[in-house]
Amino acid sequence: MSVGYVELHCHSFFSLLDGASSPEALIKRATVLGYPALALTDHNGLYGAVRFWKAAKAGGVKPIIGAEVALADGYHLTLLAESQYGYANLCRIISTGQLAGGKGQPQLTLKAIERYAGGLICLSGCRQGAIPSALLVKDQLSARRMAGQLREIFGPDHFWIEIQRHYLPTDIQSTADLVSLAQWLDVDIVATNNVHYAERPGQRLHDVLACIRQHTTLPEALTSGLLYSSSERFLKSSQEMATLFFDLPRALQSTLRIARRCNVSLDFSTQRLPSFSVPEGHTPESYLRVLCEKGLRHKFDPITPQAEAQLAHELGVIEGVGLAGYFLVVWDIVRFARSRGIRCQGRGSAANSLVAYLLGITPVDPLRHNLLFERFLSQETHTMPDIDVDFAADRREEVIQYVYERYGEDHVGMVCNVVTYRARSAVRDVAKALAFPPDVIDQVAKSLDTHSAGVAADAIEGQLPAKEFPAVASLAWQLLSELLREMEGVPRHLSIHVGGMLITAAPLVEVVPLERATMPGRVVVQWDKDSVEDAGLIKIDLLGLRTLGVIEEALAHVREQQGIALDVDHLPLNDPVVYTMLQQADTVGCFQVESRAQVQMQPKMQPKCFEDIIIEVALIRPGPIQGNMVHPYLRRRQGLEPVNYIHHTLEPVLAETQGVVVFQEQVIRVAMVIAGFTPGEADQLRRAMSRGRSQEAMADLRDRFITGAKSNGVDEATGTEIFRQLAAFAGFGFCKSHAAAFALVAYQTLYLKAHFPAAFYCAILNHQPMGFYPPEVIIGDAKRHNVPILPPDVNRSLAVCTLERYDSSPAIRLGLSYVHGLGEAWQTRIVERRGSCPFRNLSDFCRRTHLSRPVVENLIRAGATDGFCPEQGSARRDLLWQLGGLSYQEEGLDIEVPVEPVALPTLDLGERMGWEYELLGLVPDDHVMSLYRDELAAHGLSESHILAEQPDGQRVRVAGRVVVRQRPSSAKGFVFITLEDETGLVNLVVRPQVYEQYREALRTAALLLVEGRLQREGAVFSVLVHSAVKLRWPTV
Amino acid sequence: MTRLWPEGEQVEMWIKGETPLGFVWQGTPHRILEVCNRWRVHTYWWEPDEIVWREYLKVSTATGLLCLIYRDMLSDNWFLARIYD
């Protein structure tokens, strides 16, 4: 009869490149085995602790939180938290080790462990522990000394000698030595299995991870002794452990005794935020009220009863859930940013809140746009609210620094981001471990069209490229495919989350361990945003949005060039020019409304008011398109289909979206109106629906919904149908307040493009990379809007793009930063050395800047020195020739060798453009397709703007430069390509079969010629591609 | 001197539960007196024709042998690998 067993030494895949199983898989196996408890002891961290704790609670297994820490001398020690106090100490120990060393190289001493030993149980460790290592080499003395130290530090009731049996030849001897040591020390023994995978077959992935970690292949790792020779490190049943430890049942009983003693909770919802220092005489609640009332007087003139009532309601809820301080913290951060001229605004569900609006955190009036506070916060909400704030990306760092300074490094940390294996990285690493030839690995990795390792596994299994690569056996491909599937979701490394910051009341280091980030001076917590939320903590997302920086810069240009102080935050939202631009899909460069999908829909939708922009932002996304929400909405809007409501009470809720559920707020309102749910219950319903629950959970929700509907006089059939529609749409619904906040920024960019195009385009070019289109498309659009683009010029350009008068209108002078290979230092040097005295000629330029020859050559070829040559035609060749004859040095005297003028052949247009594409990534004053135009015309191809006049169904041929390639995962294999020529953009639609047939051209061509059928719906057209061929790049 | 069979000499094994009691080799029965050591090897899983998954037992027999036998975990057959002199 087995004694029962609990595994106390267990690694998940958060022991990076070592453990092979997820915390969830470990818990699942533990429940099958009937474990009452399970410990997680990842290397030097608690990365997976919250996931583990959550899965354990759900699975009815008691979670034991621990870690295997590495001491500075490399030896391992297993630590388990016995109590909440012990947990805090565990975090401190891990943090101490992590922060003492460099990134990824913790340095922990026994002294540090001694300081924080309280509340911890210590096990002597695996074969890499100091004690077993010493015993292995018969060094009794060291073993006894170390064991004695640990017993001293932790106490006899908190220190166990750990015994592992993995069917090694040394097991018998090592067990005898350890048991003897325990007896000598008068401490107890405990059995563990040093688990690295949930079940035996996990050995394969474990071995592969070891190879990846060691940068080697499986055969080499085996001969070098880097692999474990057996497959015993899995979660074993109590029967298997009883067989293994048949002579030491006491060691098994110890596991149960220890498990009973360990009790730790990872619910930190009481930790929340530090208290915000408010003016004397105030509490956070009263101060929040004062600020809101001030905002109310400022934004509502007159103050309406509705606004007053809503404010009172929201403040009541906020006070009820104790979050007044949270709002003040965010208000303070936004206040700081604005005081420094950093453009910012809140986004997400927070924009549903009047309080957030009155505090100036979010930009949209929730009353005006019919938003719903309960989507953000309610008394019944069990999850913490999230306020995300976007800041101008180039200045976000200042805001982050402010938070660190204000709350102290001890209370502030950046949330981490777990980067998991994607298809290409997984293929490269696994195939290398399997000893695939490097060129085969390269080809396979590059040919993948997916990001998911699991999908890549299917692709490789389906195609089994054995014939194509005879050097690799087909069984090896099978193995690769199987292992790739197992790599899905496996962490590769940690990085910092883009803007998530954690601020806690207690010192952060007692809540979650800290470690160094790659960025110098930056410290990151070991939990990602999901773990932070599940632990009941609040994070604030301080995000960077380049568009905000664009707007700020455009405003500065408008101020400087035209003396206008434009207030984009208070624009009337009914400018007809803006809506005309949208209706004509003239939206390149504009936030949220420029993508291919948006452009296809705008002429159909014909947006006329701000609410339409909100709907457009919410609706035109892969989810709703896939969920078949967009077409019903558009058809009803165009009058092609009647607008009807399943129940008359839904009309006020869904009228704004033609009876179609678009917004998450509508899901909540429908549940309230039909089934009588409270706002909080309705939000829980929405949340449950959008997370794809199990059949049983959905059935339960449906029952409650229908019961509520019936009591409201709605019959069962109608209630069922409404529930079905909600469930179908809930997953795709967008948060209206988020869409509204974004729609405002979209409107601002449209307005700037319409009225101040030069300033707008200049700002966009200075904030790359951003948006849907590359810079070359932006300048094409600028030119079509009568904004000339001037090439970079060593005598006129700054590092950034600037505005210049050209033929009495504003033009954009490209900055020196657009010249490839010209680093910041060189750019600065050119501008500084130029000063107020332009360079007279090439020689003067070289002598004053001392730039290296290759750099000068690039500047010449890019056209930045065209001004030095009077004859445009031969300018660049001449200058290159001159450069060849010019002798100059970085320091010291320059000697000029007189150059004999030589009549050089003119640089032809194709060569010039080739140089400009190579060095600028664009052609300022022309388009590469113009080189082909005559020949294309001779073959009956027309420019893209002619297509706009062709009828639906017409067979057409068109050519252009590929500027966008998209293969959305929701599009079922369809590929979308955008071509650009001298006159505009053309959208191509490629079916999966056609893509496979013309894959090489469609995937890799820079210039493409396609034949297909024009698909037109009103003003919107695209080309359904039948065939495609690459155009050769112009060569000399 | 040691006698070694690199490919293993198949033997017929008597087992009770998980306990090996003896084996028959070349027609002669050898009762096991003591299992002196026991270990497992599981490797070469990436070469399906070469997988090694074995449990080795170093045993002394009533017939005076000290030998190394192993169980192939895939086929469940037993083999004699070595006799120590």
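So you know, we letter chains A, B, ... as the sequences are listed, proteins then strands, and number each from 1.
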message: If you compare all heavy atoms of A:Val179 against all heavy atoms of A:Ile163, which two are closest, and at what distance to 0.1 Å?
response: CG2-CD1, 3.7 Å
- prompt: A:Ser133 side chain to A:Gly129 main-chain N or O, any donor-acceptor pair under 3.5 Å?
  reply: yes
message: To the closest 0.5 Å, what do you measure between NE2 (A:His76) and OG (A:Ser124)?
response: 13.5 Å
Can you check whether chain B and chain A share any donor-acceptor pairs under 3.5 Å, and give the atom names and distances if they do?
{"unit_1": "A:Tyr167", "atom_1": "O", "unit_2": "B:Arg40", "atom_2": "N", "d": "2.9"}
{"unit_1": "A:Tyr167", "atom_1": "OH", "unit_2": "B:Arg40", "atom_2": "NH2", "d": "3.3"}
{"unit_1": "A:Pro169", "atom_1": "O", "unit_2": "B:Asn37", "atom_2": "ND2", "d": "2.8"}
{"unit_1": "A:Gln203", "atom_1": "NE2", "unit_2": "B:His42", "atom_2": "O", "d": "2.9"}
{"unit_1": "A:Asp207", "atom_1": "OD2", "unit_2": "B:Trp45", "atom_2": "NE1", "d": "2.8"}
{"unit_1": "A:Ser229", "atom_1": "O", "unit_2": "B:His42", "atom_2": "N", "d": "2.6"}
{"unit_1": "A:Ser231", "atom_1": "OG", "unit_2": "B:His42", "atom_2": "ND1", "d": "2.6"}
{"unit_1": "A:Glu232", "atom_1": "OE1", "unit_2": "B:Arg40", "atom_2": "NH1", "d": "3.2"}
{"unit_1": "A:Glu232", "atom_1": "OE2", "unit_2": "B:Arg40", "atom_2": "NH1", "d": "3.0"}

field: Rounded distance (nearest 0.5 Å) linking atom CG of A:Leu235 with atom CE of A:Met241
entry: 10.0 Å
- line: Okay, A:Leu434 and chain B: the region with an atom under 4.5 Å from a heavy atom over there is side chain
message: Which residues pass the side chain to side chain donor-acceptor pair (under 3.5 Å) test with A:Thr255, not counting sequence neighbours?
response: none
- line: Distance col, row A:Ser238:OG vs A:Leu252:CG, nearest 0.5 angstrom, shows 9.0 Å
